[in-house]
Amino acid sequence: MRWIAPILVFDLVLIAFLFTGGVDEERADLVFASSSEHNNLDPQQLSWSHDIRIVENLFEPLVKIKIPELTPEPGVAESWTVSEDGLVYTFKLRSDAKWSNGDPVKASDFLYAWRRAMLPDMVAYYTSLFWVIDGAEDFFHWRNKQLEAYVKRSADGKSDAEAQKLLDEAYQRFTETVGVSAPDQHTLVVRLKNPVAYFLELTAFITWVPVHEKTCDAQTLIAPDSGRLVQDGYWVRPIENAEEGKPALVCNGPYVLQRRRFRRDLLMVANKMFRDYDKMGNHSVQEKIIVDGQAQYLQFLRGEVDWIPSFTGGQLGPELVRQKLALEAIENFRMPFTGRKLQAQFPSRDFVHPVPSAGTYYYMFNCQEKLVDGSPNPLHDPRVRRALSLTIDREEIVRNVTRLNQPVSTVFVPVGSLPGYTSPVDPADRFNPELARQLLAEAGYPNGAGLKGLSIIYNTGSGHEDTAQRIAYMWKQHLGVDIPVRGVEVKTLGEDQKKQNFSISRAGWFGDYLDPTTFLDKFLKDNGNNHGRYHNPKFEVLMQQAAAELDPAKRAALLSEAEAIMVKDAPIAPIYQYVTIDIYDPAKVKNMHLNPWAFRRTENVVVVREKE
């Protein structure tokens with residue numbers, strides 16, 4: 001029972017802090033903490049989970065995911081029909097769907113938003129999700145070639161007028177060749193390239209939401225030198241920062257963005273134009289940016305924060321989980337004397353909620369022939385990447401670093417997360433320093449000699465440094481390679497990944513919809529999230545075959561075969577499947593309905609406050 005004294009001392013230390021602060025001057029109905037400032041709140045350009053957590057509250061898609069059933073239900077679309085061949089979806093939009101400024105939500109708003117996502121101009125992370133639509137992929141590549149040709153023109157052939165002419169031509173081509181149309185403003189018709197069993201779930205993802213065309217378009221320019229559309233990054237400004245000619249973000253979801261203070265907080269208030277305004281469980285949500293996990297926890301104990309999603313806090317998160325499990329064991333065994341005594345000494349840990357998640361924590365390798373500085377990239381050789389992966393002792397990481405004993409992983413699609421799909425787990429991909437040294441020697445680096453120019457980059461503030469240091473030590477111990485580590489802010493990490501300004505990067509990926517492609521599409525050559533620039537034609541062919549396969553079992557087998565190829569190529573080193581920890585008091589915070597896929601309906605959450 002060595003855990004008893006540490007728990008007691010730990011709690012007493014925390015209690016000493018309880019009187020170190022007050023409450024917020026303006027208390028929202030629901031207050032939660034986040035460890036990172038936001039990268040992007042543009043629904044067609046975001047990728048990070050903490051950005052999605054906000055934007056999914058500001059916009060409503062055609063179809064939503066019902067909680068806790070995790071099944072599709074009407075959103076902006078009140079109904080839909082599917083053709084017998086599964087290729088044509090016809091959505092009927094609600095007549096009472098409105099934007100926060102009172103404008104009706106129209107089918108053309110979806111066309112405008114989806115076109116934004118399909119244009120290479122926007123450099124959207126999730127462009128390839130739209131390639132299930134007939135003509136979408138061809139349109140994307142056609143526009144790319146159009147822009148490439150324009151850039152090659154002489155200075156005399158470039159101007160605002162010429163760039164506009166180019167864009168008009170692109171818009172016309174979109175209308176004529178891409179399988180989306182709006183026969184009227186309450187009807188949206190989508191024609192797919194092949195039947196897609198998960199298409200409804202796909203349309204529930206944040207990239208597919210509409211945007212208010214007039215507001216967005218007014219803050220979009222055309223660069224005459226490149227011919228590309230350029231979006232004003234501040235078009236998603238909150239109400240408090242609106243000014244003449246620069247309106248606030250117009251939303252169609254349950255909330256509007258009222259306030260955003262850099263590295264401090266963000267406030268959403270209920271959208272009075274939202275049709276279910278009177279049914280909402282809360283009318284205001286504040287996000288506090290608190291980088292340090294222990295500071296988050298102290299604010300929770302003081303009652304200043306109601307909820308901490310995806311809590312880390314260094315070793316504090318795992319410690320709380322262990323305490324929770326220990327106290328539950330006492331209750332389960334119903335120890336008559338010791339149990340009552342321990343329970344009287346230690347507070348309940350009912351507010352600790354560990355949830356196995358449909359996500360993978362991994363290290364990403366830059367697979368390009370040269371690094372961003374032009375130097376040769378040793379990681380271009382898959383043998384080097386595989387050697388590094390084989391010398392990560394994953395069991396050691398989850399046992400002694402994260403201390404959550406997450407399920408270790410050598411594959412990308414979380415094992416058991418999707419019924420009908422078998423992840424290609426191979427024992428040979430586990431910890432094997434001997435094979436790693438052999439591969440490294442075959443690649444021309446015997447005992448690590450000559451392997452230079454590599455480093456690990458990670459984002460600070462979420463407990464990633466300890467993992468990076470331990471992995472760097474393993475590579476030194478087993479391969480004789482010195483690889484330094486460097487911590488940066490999460491926004492910098494995202495920018496460096498997108499520009500391939502890294503050799504090895506900490507990364508994580510959560511599934512967005514209930515299908516293996518939500519993980520595997522990331523490794524397609526032209527996918528906006530393929531930051532390591534991995535490419536294998538065999539992988540591409542299998543993914544294409546799977547996309548055309550109508551038999552579910554055969555399709556799953558093709559996807560598993562594709563994943564097996566990718567795993568052996570090692571563009572990433574999977575480490576473990578996520579176990580996320582949410583902190584909230586279930587007696588006070590109702591209707592959270594935690595689930596492995598992190599689907600949320602924040603507008604249904606009710607917070608019960610004690611009367612002052």
Polar side-chain atom of E549 near backbone of D551 as donor-acceptor pair, under 3.5 Å = yes
Answer yes if the ring centres of F110 and F91 are under 6.0 angstrom apart, and no otherwise.
-> no
Basic-acidic side-chain contact under 4.0 Å: K64, E60 | yes
Any chance the side chains of D217 and Y112 put a donor and an acceptor closer than 3.5 Å?
-> yes
Under the ring-ring contact (aromatic ring centres under 6.0 Å, His included) test, which residues partner W235, sequence neighbours left out?
-> none
Can you sort out the partners of Y534 under side chain to side chain donor-acceptor pair (under 3.5 Å), two or more places apart, ordered by chain and number?
-> D569
Chi angles and distances behind the side-chain contact (heavy atoms from CB on, under 4.5 Å) call for R173, Q146 | CA-CA 12 Å; R173 187 175 182 89; Q146 185 196 44; over 6 Å; no
Strictly by modelled atom types, are D168 and Q164 linked by a side-chain donor-acceptor pair under 3.5 Å?
-> yes
Whether F523 and F412 hold their rings parallel, tilted or perpendicular, with breakpoints at 30° and 60° | perpendicular
Assess the side chains of N529 and S47: does a donor N or O sit below 3.5 Å from an acceptor N or O?
-> yes
Tell me yes or no: between the side chains of Q219 and R237, is some donor less than 3.5 Å from an acceptor?
-> yes
Does any pair with a residue in residues 166-193 pass ring-ring contact (aromatic ring centres under 6.0 Å, His included), and if so which ones, sequence neighbours excluded?
-> F139-F174
Distance only, no hydrogens: is a donor on one side chain within 3.5 Å (strictly under) of an acceptor on the other, for D42 and N40?
-> no
For D103 and K98, run salt bridge (charged side-chain N to carboxylate O under 4.0 Å, His left out): C-alpha distance rounded to whole Å, both residues' side-chain angles, the deciding distance at 0.1 Å, then the answer.
-> CA-CA 6 Å; D103 291 347; K98 294 183 178 181; over 6 Å; no
Cationic N near anionic O, under 4.0 Å, D429 to K568 | yes
Kindly state whether the ring of H531 and the ring of Y125 have centres lying under 6.0 angstrom apart.
-> yes
Less than 6.0 Å separating the ring centroids of W208 and F199?
-> yes
Go through the steps for Y584 and I308 under the test side-chain contact (heavy atoms from CB on, under 4.5 Å), then give the verdict.
-> CA-CA 7 Å; Y584 67 89; I308 310 176; over 6 Å; no
Could you walk me through whether H50 and E287 pass side chain to side chain donor-acceptor pair (under 3.5 Å), step by step?
-> CA-CA 11 Å; H50 66 293; E287 175 195 44; over 6 Å; no
Who are the ring-ring contact (aromatic ring centres under 6.0 Å, His included) partners of F311, not counting sequence neighbours?
-> none
Does the pair L559 and L520 meet the rule for a side-chain contact (heavy atoms from CB on, under 4.5 Å), with working shown?
-> CA-CA 8 Å; L559 291 172; L520 299 181; 4.0 Å; yes
Give a yes or no on whether the backbone of Y126 and the side-chain of Q45 come within a donor-acceptor separation of less than 3.5 Å.
-> no
Can you tell me how far the CG atom of D51 sits from the CG atom of L46, to the nearest 0.5 Å?
-> 6.0 Å
Which residues share a salt bridge (Lys or Arg N to Asp or Glu O under 4.0 Å) with E561, sequence neighbours left out | none
Do you see a donor-acceptor pair shorter than 3.5 Å between the side chains of Q231 and T220?
-> yes
Partner of F140 under ring-ring contact (aromatic ring centres under 6.0 Å, His included), picked from W131, W114, F130, is W131
Could you tell me whether the side chains of D184 and T187 share a donor-acceptor contact shorter than 3.5 Å?
-> yes
Hey, can you tell me if Y576 and Y578 have their rings parallel, tilted or perpendicular (30° and 60° cut-offs)?
-> perpendicular
Taking all heavy atoms of N282 and all of V605, pick out the closest pair and write down the distance.
-> ND2-O, 2.8 Å
Does a side chain donor of either R394 or S389 reach within less than 3.5 Å of an acceptor in the other side chain?
-> yes
Can you find a side-chain donor-acceptor pair between S100 and N271 that sits under 3.5 Å?
-> no
Just grab all the salt bridge (charged side-chain N to carboxylate O under 4.0 Å, His left out) pairs involving residues 514-527, residues at least two apart or on different chains.
-> D515-R555
Any side-chain donor-acceptor pair under 3.5 Å between T580 and S357?
-> yes
Going by atom types only, do N366 and R533 share a side-chain donor-acceptor pair under 3.5 Å?
-> no
Using a strict 4.0 Å threshold on nitrogen-to-oxygen distance, state whether D96 and R275 make a salt bridge.
-> no
Please determine if K193 and E137 form a salt bridge, counting it only when a charged side-chain N lies under 4.0 Å from a carboxylate O.
-> yes
Any salt bridge between K491 and E37, counting N to O under 4.0 Å?
-> no
Going by an N to O cut-off under 4.0 Å, is there a salt bridge joining E540 and K538?
-> no
Should the pair E73-R601 be classified as a salt bridge under the 4.0 Å nitrogen-to-oxygen rule?
-> yes
Under 3.5 Å, is there a donor-acceptor pair linking the side chains of Q577 and S409?
-> no
Geometric class of the Y361/Y363 ring pair [parallel <30°, tilted 30-60°, perpendicular >60°] | tilted
Is E563 reaching over with its side chain to a backbone N or O of V411, donor-acceptor style, under 3.5 angstrom?
-> no
Flag the pair Y513 / F205 as yes when their ring centroid distance falls below 6.0 Å, and as no otherwise.
-> no
Y89 OH to S83 OG distance, which is reported to the nearest 0.5 Å = 8.0 Å
